[in-house]
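Taking it in order: structure first as C-alpha cells, then the write-up.
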Protein chains: 2
Amino acid sequence: MKIAEKGKRNQDNWIYQEVFDAILEQRLAPGTKLSEDALGEVFGVSRTVIRKVLLRLSHEKIVAIRPNRGAVVSIPSIKEAKDTFDARRWIERGVVRRACETISKADIGILTKLVQKEHEAYADNNKSEGIQLSGAFHLKLAEIAGNETLQEYLKELVTRSSLIVAHYESNSAHTCTHNDHKDLITALADGNSDKAVALMEDHLQAIEDKLNLSEADSETNNLKQIFSSVAINRTDVHQT
Amino acid sequence: MKIAEKGKRNQDNWIYQEVFDAILEQRLAPGTKLSEDALGEVFGVSRTVIRKVLLRLSHEKIVAIRPNRGAVVSIPSIKEAKDTFDARRWIERGVVRRACETISKADIGILTKLVQKEHEAYADNNKSEGIQLSGAFHLKLAEIAGNETLQEYLKELVTRSSLIVAHYESNSAHTCTHNDHKDLITALADGNSDKAVALMEDHLQAIEDKLNLSEADSETNNLKQIFSSVAINRTDVHQT
DNA sequence: AGATTACAAATTGTATACAATTCTGTTATG
DNA sequence: CATAACAGAATTGTATACAATTTGTAATCT
C-alpha cells in the first residue's frame with residue numbers, strides 16, 4: 001500500500017523501478033497478471049501512468065502485453081532463453097574486448113568489491129541479492145567498455161537472464177559461477193584480452209548449461225505439447 | 001490527411017509504421033518536432049494512441065522525448081553514432097557466424113534478389129529506397145541467423161544507422177558498398193564463415209569511415225559552435 | 001445430461017477534460 | 001536601449017469517462 005509521494009516528478013520512473021525490482025527479485029513470479037487497476041491502486045496513480053510503465057517493460061520483454069487481455073510477467077520460452085544467452089555471448093564478447101582497452105585501476109577495485117559482495121550474499125543464502133550483484137558485475141563491465149548502446153542491450157539481456165535462470169534453473173545450484181568473475185577480473189587487470197573473452201564465453205556457457213533447456217520440461221508453457229497425448233486419446237478416455 | 005480507416009484493429013501498429021517509414025525515408029528529418037495534437041489530427045486518432053507510438057519510437061531511440069517538451073526525431077550525437085556502429089559490428093559478427101550455419105539455397109536466392117533491387121534503386125537515383133533495401137539485406141541475414149533477440153536489436157541499429165548516415169554523410173557517395181553485399185553472399189554460399197565475418201566487419205567499417213564523425217562538424221546540432229565566429233564579431237557587424 | 005448460445009461482469013482500448021509546465025511576445029523598469 | 005518580469009498561449013502530463021473486447025455464468029434447446 002504505497003502512496004505516490006515520491007516527488008511528483010518522475011513518478012513513472014519510480015514505479016517502473018519498483019515493478020522491475022519486484023520481477024527481478026521474483027516477488028512477482030513469471031506469469032503473474034499485472035492488472036492496470038490493481039497497480040494503479042497500489043501506487044496511487046491512474047491507469048495512464050501504469051500503462052506507460054507496462055509499455056516500457058513490455059518493450060524490454062520483461063512483461064508480455066496480450067491485446068485486450070492485459071499484461072503478465074514474461075514467461076520466457078526455451079527458444080527465447082537460448083536466444084538470450086546466445087545474444088549475450090556475442091555482445092559480451094564485444095564488451096570484454098572494449099573493456100580491456102579502457103579499464104582503469106579504480107574500475108578493477110569496483111569490480112572486485114562487487115564480486116566480494118556477491119560472495120557474501122550467497123554465503124548469507126541471499127539468493128536474489130546474489131543474482132542482482134552478479135548482474136551488476138556484468139553491467140559494470142559494459143559501463144567500463146563505454147558503449148551505451150551495448151550497455152542498454154545488456155541490461156535487458158541480464159534482466160531476462162534472471163527471469164530465465166529463475167524459471168529454468170536445475171537443482172545444481174549456480175553457486176559455482178562466482179570464481180568465474182574473479183578470474184575474469186584477473187585477466188582484465190593483466191590486459192589479457194583474449195583470455196578475458198574466452199573466460200566470459202565459458203562463464204556464460206556454464207550458466208546456460210546449468211539450466212533445464214531441453215524441450216521436455218517446459219512446465220507451464222507448452223500446453224499443446226504437454227496435453228498432446230491426452231488430446232489424441234480424448235475420445236477413449238472420455239469419462240463421466 | 002489520412003484518416004484512420006485501417007481496420008480499427010492495430011491502429012497504433014499502422015501509425016507506428018507510417019511514422020517509422022517517414023523517418024527512415026527522411027520525410028521527417030532529424031530534429032523535427034512531433035507534436036501529439038498534430039499527429040493525432042493527421043491520423044485521425046486521439047493523443048492517447050499517438051503517445052503510445054511515440055513511446056515505442058523513443059524506446060527504439062528513433063525519437064527523443066524530452067519531459068514536458070515533447071518529442072522530436074532523434075539527432076544522433078557523434079558518440080551515439082560511433083556506439084551504434086560499434087554495436088553493429090559486434091552483433092553482426094554473431095549474425096554472420098550463425099547465418100553461415102543455417103543458411104539455405106532459398107535464403108541465398110532471396111539475398112541475391114535484395115542486392116539486385118538495391119543496385120537498381122541506386123541506379124535509378126532512388127537513394128531512400130536504396131538505403132532501405134540495404135537495411136533489409138542486413139535484417140534478412142539476421143532472420144536467417146534465427147536469433148530473434150539479435151534480430152530486433154539489429155533492426156533498431158539499422159534504423160539508427162540510416163538516421164546517422166543521413167545526418168553525417170560526407171560528399172563521397174556511399175554507392176561503393178553494394179559490392180560488399182555481393183561478396184558477402186558468395187562467402188556465405190561457400191560456407192566460409194571466417195571470410196564472411198571479415199567481410200562484414202570491413203563493410204561496416206567502410207560505411208562508418210565515409211561519415212563525418214570528427215568532432216568538428218556537427219551541422220545542425222552545435223549552434224553555439226556554428227555561430228561562434230559570428231558571435232565574436234557581433235558588436236562590430238551590428239547593422240540596422 | 002450435455003452442448004450451445006445469450007447475457008453479465010470485468011478488463012483493456014480510446015477519447016476527452018483538466019492540471020501543470022514551458023514557450024513566446026509584450027510590457028515594465030533600470 | 002537592454003534586461004527582466006509577467007501574462008497569455010500552446011503543449012505536455014495525468015485522471016477520468018466511455019466504448020470495445022474478452023471471459024465467466026446461466027439459461028435454453030436438443
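Source: prediction; values computed, not measured. Per chain, numbering begins at 1; letters A, B, ... match sequence-line order.
Between the CG atom in B:D12 and the CG atom in A:L55 there is a gap of 8.5 Å [rounded to 0.5 Å].
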Pairs: protein N or O with nucleotides 22-25 of chain C N or O, under 3.5 Å:
| from | atom 1 | to | atom 2 | distance (Å) |
| --- | --- | --- | --- | --- |
| C:dC23 | OP1 | B:R69 | NE | 2.2 |
| C:dC23 | OP1 | B:R69 | NH2 | 2.9 |

Using a cutoff of under 3.5 Å, can you pull out all pairs of nitrogen or oxygen atoms linking the protein to nucleotides 15-19 of chain D, with atom names and distances?
| from | atom 1 | to | atom 2 | distance (Å) |
| --- | --- | --- | --- | --- |
| D:dA15 | OP2 | A:S46 | N | 2.9 |
| D:dA15 | OP2 | A:S46 | OG | 2.9 |
| D:dA15 | N7 | A:T48 | OG1 | 2.7 |

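Atom CG in B:N13 sits about 11 Å away from atom P in C:dT14, given to the nearest Å. Put simply, CG on B:L34 is 10 Å from P on D:dT12, counting in whole angstrom units. Here C:dT12 presents its P atom at 8 Å from CZ of A:R51, a figure rounded to the nearest Å. Between A:R66 atom CZ and C:dT12 atom P the separation is 9 Å, expressed in whole Å. When rounded to the nearest whole Å, the span between NZ of A:K52 and P of C:dG13 equals 18 Å. Taking atom CD1 of A:I50 as the reference point, atom P of C:dT14 lies 18 Å away to the nearest angstrom. Between the CG atom of A:D37 and the C1' atom of C:dA10 there is a distance of 9 Å, given to the nearest Å. Protein atom CG of B:L54 is 14 Å distant from nucleotide atom C1' of D:dG13, rounded to whole Å.
Screening residues 53-64 of chain A for salt bridge (Lys or Arg N to Asp or Glu O under 4.0 Å), with sequence neighbours left out, gives A:R56-A:E60, A:K61-B:E152. Counting only residues at least two apart or on different chains, the ring-ring contact (aromatic ring centres under 6.0 Å, His included) pairs with a member in residues 45-66 of chain B are A:H59-B:H59.
Aromatic ring pairs are classed by plane angle as parallel below 30°, tilted from 30° to 60° and perpendicular above 60°; the pair B:F43 and B:W14 is perpendicular.
Scanning for ring-ring contact (aromatic ring centres under 6.0 Å, His included) contacts around A:F137 gives A:H181, with sequence neighbours left out. By the ring-ring contact (aromatic ring centres under 6.0 Å, His included) test, B:F20 pairs with B:Y16, sequence neighbours left out.
Side-chain N/O atoms of A:K33 include one lying less than 4.0 angstrom from OP1 or OP2 on C:dT12.
When B:L150, B:I91, B:V95 are each tested for a side-chain contact (heavy atoms from CB on, under 4.5 Å) with A:W90, only one passes: B:L150.
More than 12 non-hydrogen atoms from other residues, nucleotides or ligands lie less than 6.0 angstrom from NZ of A:K33. Heavy atoms of other residues, nucleotides or ligands lying less than 6.0 angstrom from CD of A:E156 number more than 12.
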